[in-house]
Amino acid sequence: MSAKQAVITALLPLFTMEVLHQYLSGGAYAAFALKPLGDTEKILQRLGWAGEQRENTFTLYAERAAAMLEQDAVTPDLCYAMKFHDPDFARYTDLSPRSESMLSFTGMSNQLHASFMKFDSGLKTHSPAIISFSVNQLLSDLQSHSVHSNPPQRESEGDVPRARLTFSSRSTIWRYDFFNHRGAAAKDYAVVPAVPASTGAHLEFKLVAGLMGPDGETSLAFESSRAIPLAAAPRECFMLLLNNKKLIADLPTPGLDFIRGGEDCTPRSCQIIYL
């Protein structure tokens, strides 16, 4: 047993946070590592506290007396950085100010916006993603929300506030560009939900201006009528029809490389297909 594990064994959990992601259909997301920021490590050592990450779960351990106090009794400023291992994290994650990433606590029906997090201001889709968060702000959010709802009760040492942080997926317009379209008229083609109907059954694809290929051919291009959340295993499935007959029964899912386009500047996930 390591020295840190020995310390943790003698302490009680103050709170636990589990990390999930919509990209994995709301499942556990463990592709990150936590690192104390600023004086957090020194504060923990001085108090005899410890933070531990196990897969997708972070737990803060405190002395017995502190662990039984209300959440707002945590006075030290404890901050951590979440560094994400997946280089594509910033591609499939919605990191905009309008992000719907949410924090929920066991025993509470409502959800909180993840205001306790701060995204790296220099975050780019090609650089490692780092998000910092404040334990104090997290628990303060819980306390503020508890004024207007029923807070989770801690009736014994075994009752630990359990939070779930769910990252939301980036949503993009799906675009298909078809080349070698055999000279058929554009109106003879259609992109429609696959059969049996997928969750995209109420989603339409419209014909848009195509791309110029290297041999001078203009693609036959279709874009989805609304943005679709990115997912590792998309529930949406579409097929290409020619004169109402299946030409491609299962169109490939557009990848994580996308471009800005359209009047709304919504990212486009593009897929080029040669027929």
Hydrophobic cluster identity match, Ile248 and Tyr176, side-chain contacts under 4.5 Å: yes
Donor + acceptor pair across side chains of His21, Thr93 (<3.5 Å): yes
CG on Leu230 to OG1 on Thr172, rounded to 0.5 Å: 4.5 Å
Whether Glu223 side chain and Arg175 backbone form a donor-acceptor pair below 3.5 Å: no
Arg235 CZ to Ile228 CD1 distance, which is reported to the nearest 0.5 Å: 11.0 Å
Shared hydrophobic cluster, Met17 / Leu24 (ILVMFWY, side-chain heavy atoms < 4.5 Å): yes
Flag, side chain of Asn243 to backbone of Lys245, donor-acceptor distance under 3.5 Å: no
Flag side-chain contact, heavy atom, 4.5 Å: Leu20 against Leu165: no
Donor-acceptor contact present, side-chain Thr40 to main-chain Cys79, <3.5 Å: yes
Side chains of Phe178 and Ser219 in contact at under 4.5 Å (non-hydrogen atoms): no
Side-chain heavy-atom pair Arg91, Asp257 within 4.5 angstrom cut-off: yes
Closest non-hydrogen atom pair between Gln22 and Ser168, with its separation: OE1-CA, 3.3 Å
Gap separating the CD atom of Glu204 from the NZ atom of Lys206, nearest 0.5 angstrom: 10.5 Å
Parallel, tilted or perpendicular, as decided by the 30° and 60° cut-offs, for the rings of Tyr92 and Tyr23: parallel
From CG (Leu78) to OH (Tyr80), nearest 0.5 Å: 6.5 Å
Leu203 and Pro193, any side-chain heavy atoms less than 4.5 Å apart: no
Side chain Asn56, main chain Val19, donor-acceptor under 3.5 Å: yes
Geometric class of the Phe84/Phe32 ring pair [parallel <30°, tilted 30-60°, perpendicular >60°]: tilted
Crowding at CG, Asp215 (>12 non-hydrogen neighbours, <6.0 Å): yes
Within one Ile-Leu-Val-Met-Phe-Trp-Tyr cluster: Met82 and Leu37, side-chain cutoff 4.5 Å: no
Gap between atom CG of Asp94 and atom OG of Ser171 - 0.5 Å precision: 7.0 Å
Hphob cluster co-occupancy, Leu251 + Tyr189, side-chain heavy atoms under 4.5 angstrom: yes
Closest approach of Thr59 to Pro13 (non-hydrogen atoms, all atoms of both residues): CG2-CB, 3.8 Å
Separation of Phe222 CZ from Gln271 CD (nearest 0.5 Å): 15.0 Å
Beyond-backbone contact of Trp49 with Leu44, side-chain heavy atoms, under 4.5 angstrom: yes
Side chain to side chain, Leu211 and Thr218, heavy atoms closer than 4.5 Å: no
Sub-4.5 Å side-chain heavy-atom contact between Leu275 and Leu247: yes
Side chains of Ile273 and Pro252 in contact at under 4.5 Å (non-hydrogen atoms): yes
Whether Tyr274 and Phe179 hold their rings parallel, tilted or perpendicular, with breakpoints at 30° and 60°: parallel
Gln53 side chain vs Glu55 backbone, donor-acceptor pair below 3.5 Å: yes
Mutual orientation of the aromatic rings belonging to Trp174 and Phe238 [parallel < 30°, tilted 30-60°, perpendicular > 60°]: perpendicular
Co-membership, hydrophobic cluster, residues Ile272 and Met239, 4.5 Å side-chain: no
Working for side chain to side chain contact (heavy atoms under 4.5 Å, CB included), residues Asp188 and Asn244: CA-CA 8 Å; Asp188 295 332; Asn244 294 321; over 6 Å; no
Polar side-chain atom of Arg54 near backbone of Glu52 as donor-acceptor pair, under 3.5 Å: no
